[in-house]
A.B. asks: 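If you scroll down you'll find the structure; I have some questions about it.
Chain letters run A, B, ... following the sequence lines, proteins first and then strands; every chain starts at 1. Atom set for the values below is all heavy atoms of this structure, side chains included, hydrogens, waters and symmetry mates excluded.
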There are 2 protein chains.
Amino acid sequence: MGRWEPGGSDRLREAALELFLERGYEQTTAAEIAQSVGLTERTFYRHFPDKKEVLFGGSVEFRATMVDSVLGVPEGLAPLEVVARALASATEFFPDERREWSRKRWQVLSVNPGLMERELLKMADVAAGIGARLRERGVPEPAATLAAESGMTVFRVAFDVWLQPGERRSMAEIEGEMFAALGAVVGV
Amino acid sequence: MGRWEPGGSDRLREAALELFLERGYEQTTAAEIAQSVGLTERTFYRHFPDKKEVLFGGSVEFRATMVDSVLGVPEGLAPLEVVARALASATEFFPDERREWSRKRWQVLSVNPGLMERELLKMADVAAGIGARLRERGVPEPAATLAAESGMTVFRVAFDVWLQPGERRSMAEIEGEMFAALGAVVGV
DNA sequence: CGGGTGATGACAGATCCTGACATCAGGCGT
DNA sequence: ACGCCTGATGTCAGGATCTGTCATCACCCG
């Protein structure tokens, strides 16, 4: 495949994270990342549409999994319950082995507003996709959007807990707890 | 004050929105916006930290109003109720006169992912501020964050409705409806 | 009327990102 | 084994974003 070593995208992703952790995101140029794996800046931008995106590998698959899993949920459930089951079926993206890597990535994201912007857009995109699926299932507005957005809120809060130092519980477990907490907070 | 005409920031904001509507955001350079009001690109960047920000005037005041209004809510209420009242007290930012302008602005934002990113970050920032205030009031986690985020979800959905063509109801009215809908969706 | 203050202009430069064209490695058919 | 084709990469040029630095100008104040 490649001119030299294969897996250009993955090597760029790994190198980028390491460099961002060392010098910070802004202080690392796309050219430096590329050079550190023997490629050029131009090739970097062939693998990623922009510099931020090098930190968002797998987000397409995550979105697809989340959105598609809505289809597999049995009929007749309440909208939020549908979203909860979709979320639970995407926990494959958060195995224990990945927790340390996720913490490093979050360490970079959390101190850079530009990167947080991108993260929020990805989340919003997932929520929009889920909302659309719910509407296809016959859920009317605004219930569909509210359920989808609430589900992503639960996901975000759960993810944050999952990353806490010393936290051992799985995403599935934490998510279940957060859905309960949401019920208590909104509680009619 | 200014070298020539006063109100540089406001003139830049107005000119920017008009140009964005005409040619699109990407197709309009900061230099063109500045030139259209008799200023230079360098001065544009003295008024706004980046090109996107020219579309986010007032967001600081909005955030402050939202976050501070949490203080004015009587004690003893449920967290989500606190957020609902804070939201209701910030409806001054959405008078009927502003609806047309907001539609134009949204027309630009909605077709540009980079601008949506910024909008989402501003929302998240407001939610974070409200969450912090709730924690100061003694609301524990994760209830504080969940209530704050749910409140902003309601706001976003309500705002979207408020912008719909032909919509006549006020933000306060729509927000009330959306809080009820959220209760029904999460409904225990 | 002279000095101070704040906004602006002018200029250079780093970085991000894109388009266009050349080049190279490996697969594939003959 | 040979030559072609395809895809990834390299090279170069250039526009746009954003920043640092210093000069300039308008206005206010004493």
Side-chain angles (χ1 to χ4, degrees), chain A residues 1-57 108-109 111-119 121, chain B residues 1-57 59 108-109 111-119 121-122:
Chain A
M1 288 292 191
R3 196 115 134 201
W4 288 290
E5 304 296 321
S9 292
D10 288 337
R11 285 185 298 134
L12 284 168
R13 272 188 268 264
E14 290 174 28
L17 183 55
E18 291 308 317
L19 289 173
F20 292 162
L21 285 168
E22 286 172 22
R23 322 180 200 171
Y25 176 80
E26 308 266 19
Q27 286 68 44
T28 308
T29 69
E32 288 170 340
I33 299 167
Q35 194 177 11
S36 78
V37 296
L39 295 173
T40 64
E41 183 189 24
R42 190 67 186 85
T43 299
F44 178 96
Y45 285 106
R46 287 211 181 85
H47 285 283
F48 308 102
D50 62 44
K51 188 183 163 190
K52 294 176 188 174
E53 209 64 21
V54 76
L55 283 168
F56 291 84
V108 175
L109 289 206
V111 297
N112 189 289
L115 293 171
M116 288 303 298
E117 285 184 346
R118 180 61 51 85
E119 178 85 346
L121 184 68
Chain B
M1 289 287 197
R3 196 116 130 197
W4 288 291
E5 303 296 321
S9 292
D10 287 338
R11 283 185 297 134
L12 284 168
R13 272 189 268 266
E14 288 174 29
L17 182 56
E18 290 309 316
L19 289 173
F20 293 161
L21 284 169
E22 285 173 23
R23 323 181 197 170
Y25 176 80
E26 309 265 20
Q27 286 68 44
T28 307
T29 69
E32 288 169 340
I33 299 167
Q35 195 177 13
S36 77
V37 296
L39 295 172
T40 64
E41 184 190 23
R42 191 65 187 88
T43 298
F44 178 96
Y45 284 106
R46 288 211 180 83
H47 285 283
F48 309 102
D50 62 44
K51 187 182 164 190
K52 294 175 187 175
E53 209 62 21
V54 75
L55 283 169
F56 291 85
S59 65
V108 175
L109 289 206
V111 298
N112 188 289
L115 293 172
M116 287 304 296
E117 285 185 344
R118 180 60 51 87
E119 178 85 346
L121 184 67
K122 299 281 187 187

A.B. asks: Whole-Å distance between D:dT17 C1' and A:Lys52 NZ?
C.D. replies: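 After rounding, the gap between these two atoms is 13 Å.
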A.B. asks: B:Phe44 and B:Val54: side-chain contact (heavy atoms from CB on, under 4.5 Å), yes or no, with the steps?
C.D. replies: CA-CA 9 Å; B:Phe44 178 96; B:Val54 75; 3.9 Å; yes
A.B. asks: What integer distance in Å separates A:Leu115:CG from C:dC16:P?
C.D. replies: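 After rounding, the gap between these two atoms is 12 Å.
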A.B. asks: Counting any heavy atom closer than 4.0 Å, what does B:Ser9 reach on the DNA or RNA strands: base, sugar-phosphate only, or nothing?
C.D. replies: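 Contact class for B:Ser9: none.
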A.B. asks: With the side chain of B:Thr43 defined as its heavy atoms from C-beta on, choose the nearest nucleotide among D:dT21, C:dT8, C:dT15.
C.D. replies: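 So the nucleotide nearest the side chain must be C:dT8.
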A.B. asks: Looking at B:Gly57 and B:Arg13, what are the two nearest heavy atoms and their distance?
C.D. replies: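 Minimum heavy-atom contact is CA-NH1, 3.6 Å.
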A.B. asks: Hey, does A:Phe20 have a side-chain heavy atom less than 4.5 Å from the side chain of A:Asn112?
C.D. replies: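 They are not in side-chain contact.
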A.B. asks: In whole angstrom, what separates A:Glu41's CD from D:dA8's P?
C.D. replies: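 Rounding to the nearest Å, CD of A:Glu41 and P of D:dA8 are 20 Å apart.
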A.B. asks: Give a yes/no on whether any side-chain N or O of A:Thr40 is located under 4.0 angstrom from OP1 or OP2 of D:dG10.
C.D. replies: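 So the side chain of A:Thr40 is within the cut-off, an N or O lying under 4.0 Å from OP1 or OP2 of D:dG10.
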A.B. asks: What I want to check is whether an N or O donor and acceptor connect the side chain of A:Arg42 with the base of C:dG19 at under 3.5 Å.
C.D. replies: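 Side chain to base: pair present.
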A.B. asks: Give a yes/no on whether any side-chain N or O of A:His47 is located under 4.0 angstrom from OP1 or OP2 of D:dT9.
C.D. replies: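 For D:dT9, OP1 or OP2 has a side-chain N or O of A:His47 closer than 4.0 Å.
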A.B. asks: For the pair made of CD in B:Glu26 and C1' in D:dA16, what is the distance, rounded to whole Å?
C.D. replies: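 Checked: the CD to C1' distance equals 10 Å.
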A.B. asks: Considering all heavy atoms of both residues, which atom of A:Asp50 and which atom of A:Lys52 are nearest to each other, and what is their separation?
C.D. replies: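 A:Asp50 and A:Lys52 have their closest heavy atoms at OD1-N, 3.1 Å.
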A.B. asks: How many Å lie between CZ on A:Phe44 and C1' on D:dA8, as a whole number?
C.D. replies: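 Whole-Å distance recorded here is 16 Å.
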A.B. asks: Does B:Thr29 have a side-chain nitrogen or oxygen under 4.0 Å from the phosphate oxygens OP1 or OP2 of D:dA16?
C.D. replies: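 Checking B:Thr29 against D:dA16: no side-chain N or O falls below 4.0 Å of OP1 or OP2.
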A.B. asks: Knowing that exactly one of B:Arg46, B:His47, B:Glu14 qualifies, which makes a side-chain hydrogen bond (donor to acceptor under 3.5 Å, both in side chains) with B:Ser9?
C.D. replies: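 Among B:Arg46, B:His47, B:Glu14, the one meeting side-chain hydrogen bond (donor to acceptor under 3.5 Å, both in side chains) with B:Ser9 is B:His47.
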A.B. asks: Could you give the CG-to-P distance, from A:Asp50 to C:dT15, as a whole number of Å?
C.D. replies: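 Spelled out: CG on A:Asp50 to P on C:dT15 is 17 Å.
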A.B. asks: Less than 4.0 angstrom between a side-chain N/O of A:Tyr45 and OP1 or OP2 of C:dT18, yes or no?
C.D. replies: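 Checking C:dT18 against A:Tyr45, no side-chain N or O comes under 4.0 Å of OP1 or OP2.
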A.B. asks: Rounded to the Å, how far apart are B:Glu53 CD and D:dT19 P?
C.D. replies: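 From B:Glu53 CD to D:dT19 P: 12 Å.
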A.B. asks: Rounding to a whole Å, what distance do you find between B:Gln35:CD and C:dT8:C1'?
C.D. replies: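 Roughly 15 Å, once rounded to whole Å.
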A.B. asks: Going by modelled atom types, is there a donor-acceptor pair between the base of C:dG6 and the side chain of B:Arg46 at under 3.5 Å?
C.D. replies: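 No such pair is found, so the answer is no.
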